[in-house]
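Treat the numbers as computed from the prediction; the structure is a model and nothing was measured.
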Amino acid sequence: MAAVAQCVRGALRPRLPLLSVALRTSPRLLCAATQQKNPGQNLEEDQSQSQNEQKVEPSSAEKLLAEEKAKLEEQLKEVTDKYKRALADAENVRQRSQKLVEEAKLYGIQSFCKDLLEVADILEKATESVPKEEIKDDNPHLKSLYEGLVMTEVQIQKVFKKHGLLRLNPVGAKFDPYEHEALFHTPVEGQEPGTIALVSKIGYKLHGRTLRPALVGVVKDA
């Protein structure tokens, strides 16, 4: 075995200088050999480079998808805004309708109340026209009639109050054009100008709304 190894070394020794000379004279051979030794590494570098290029420059299909997404988002926003506006409009209509229904319930009896006011005025005039000195036990018929008129007047005022109809008898109050109607102006000693000195006809309000203004006389400056 030792003899065989010595023979191999002897055969290779004269060739080593020739190999070194060839490598010094041809560096391209070394580069080619190096590239041939690492083909897998070059392939990975090419793939990573192509992937980077794809990331930097998106394809036309991706651009189309992005544009389509933006359009759909814009359409969704418009539809959402229209839906919200429609809901707000529907709520406003519902509230207005509800208010109209409530007002119809409250003020639907206005014309009927105005007709009854004439009856109340007649009862009031009837009771006021009866001489108080004649109402005594010696005149039982007149006394009974007067008491019946008074009871009827009291009862009709209770019915009016039950349905939100209240009297306006503003003697001494400040004149209010929304509740009173001035028939005349006259100076009255001891009273402030602009106050009501006389009520010619009682007024009425239905649920806070003037149904019939009171006919009054207003104090003016002397």
Side-chain angles (χ1 to χ4, degrees), residues 40-124 153-183 185 192 194-196 199-216 218:
Q41 183 178 359
N42 293 336
L43 181 60
E44 290 178 357
E45 290 178 356
D46 294 339
Q47 290 178 354
S48 62
Q49 184 176 0
S50 63
Q51 289 177 358
N52 292 332
E53 291 177 355
Q54 290 177 357
K55 291 179 180 178
V56 173
E57 297 181 358
S59 63
S60 59
E62 291 178 349
K63 291 181 179 178
L64 290 175
L65 289 175
E67 292 176 357
E68 188 67 21
K69 178 183 177 183
K71 290 180 181 179
L72 292 175
E73 289 178 349
E74 186 67 23
Q75 291 177 0
L76 177 61
K77 184 179 178 180
E78 291 179 0
V79 171
T80 303
D81 292 340
K82 290 180 180 179
Y83 175 69
K84 290 181 179 179
R85 286 196 295 269
L87 284 180
D89 293 340
E91 180 64 19
N92 291 333
V93 171
R94 187 191 66 81
Q95 291 180 357
R96 285 197 297 268
S97 300
Q98 184 177 1
K99 185 177 180 180
L100 290 174
V101 171
E102 292 176 354
E103 289 183 352
K105 290 180 180 179
L106 291 176
Y107 305 110
I109 58 174
Q110 285 187 115
S111 59
F112 179 69
C113 290
K114 286 182 178 180
D115 294 337
L116 286 180
L117 295 183
E118 300 298 329
V119 178
D121 293 339
I122 293 172
L123 285 173
E124 184 178 2
E153 186 179 5
V154 171
Q155 186 62 32
I156 199 171
Q157 292 298 327
K158 287 182 179 179
V159 174
F160 285 171
K161 187 176 180 179
K162 179 181 178 181
H163 293 279
L165 188 62
L166 302 177
R167 284 163 54 99
L168 287 177
N169 190 7
V171 176
K174 280 286 186 180
F175 177 77
D176 186 353
Y178 295 102
E179 296 182 355
H180 315 137
E181 182 178 345
L183 296 178
H185 293 77
E192 183 181 354
T195 58
I196 297 172
V199 176
S200 176
K201 193 173 185 179
I202 296 294
Y204 284 88
K205 295 179 72 173
L206 179 61
H207 296 291
R209 179 186 294 180
T210 301
L211 182 63
R212 188 183 75 183
L215 303 181
V216 299
V218 184

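- Residues V216 and S200 have side chains not in contact (no heavy-atom distance under 4.5 Å, counting atoms from C-beta outward).
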Could you walk me through whether L87 and K84 pass the side chain to side chain contact (heavy atoms under 4.5 Å, CB included) check? CA-CA 5 Å; L87 284 180; K84 290 181 179 179; 5.6 Å; no
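- Taking every heavy atom of both residues into account, K205 and T210 meet most closely at CG-CA, 4.1 Å.
- Separation of atoms CD1 (I156) and CG (L123) is listed at 6.0 Å; rounding is to 0.5 Å.
- For the atom pair NZ of K69 and CG of L76, the computed distance is 12.0 Å after rounding to the nearest 0.5 Å.
- For the pair R212 and L117, the tightest heavy-atom approach, listed with the atom from each and the gap, is NH1-CB, 3.9 Å.
- Note on ring orientation: taking the six-membered ring where Trp is involved, the planes of H180 and F175 are tilted (angle from 30° to 60°).
- Scanning both residues, C113 and L211, for their nearest heavy atoms gives CB-CD2, 3.7 Å.
- Salt-bridge formation is not detected for the pair E74/K71: no Lys NZ or Arg NE/NH1/NH2 atom is positioned less than 4.0 Å from an Asp or Glu carboxylate oxygen.
- G203 and A214 make their closest contact through N-CB, 3.6 Å (heavy atoms, listed as atom of the first residue, atom of the second, distance).
- In this structure, E118 has no side-chain hydrogen bond (donor to acceptor under 3.5 Å, both in side chains) partners at least two apart in sequence or on a different chain.
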Derivation and outcome, side chain to side chain contact (heavy atoms under 4.5 Å, CB included), residues E68 and L65: CA-CA 5 Å; E68 188 67 21; L65 289 175; 5.6 Å; no
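- Residue L100 holds its CG atom at 12.5 Å from NZ of K105, rounded to the nearest 0.5 Å.
- Pairs engaging residues 155-167 under the side-chain hydrogen bond (donor to acceptor under 3.5 Å, both in side chains) rule: Q157-Y204 [sequence neighbours left out].
- Summarising the geometry of K201 relative to D121, their closest heavy-atom pair is CE-OD2, 3.4 Å, with the distance given to 0.1 Å.
- Going from atom NE2 of H207 over to atom CG of L166 covers 9.0 Å, rounded to the nearest 0.5 Å.
- The main-chain N or O of A173 is never found under 3.5 Å from a side-chain atom of T195 such that the two would form a donor-acceptor pair.
- The shortest heavy-atom contact between L106 and L206 is O-CD2, 4.0 Å.
- Within the 4.5 Å cutoff, the side chain of L72 has heavy atoms near those of the Q75 side chain.
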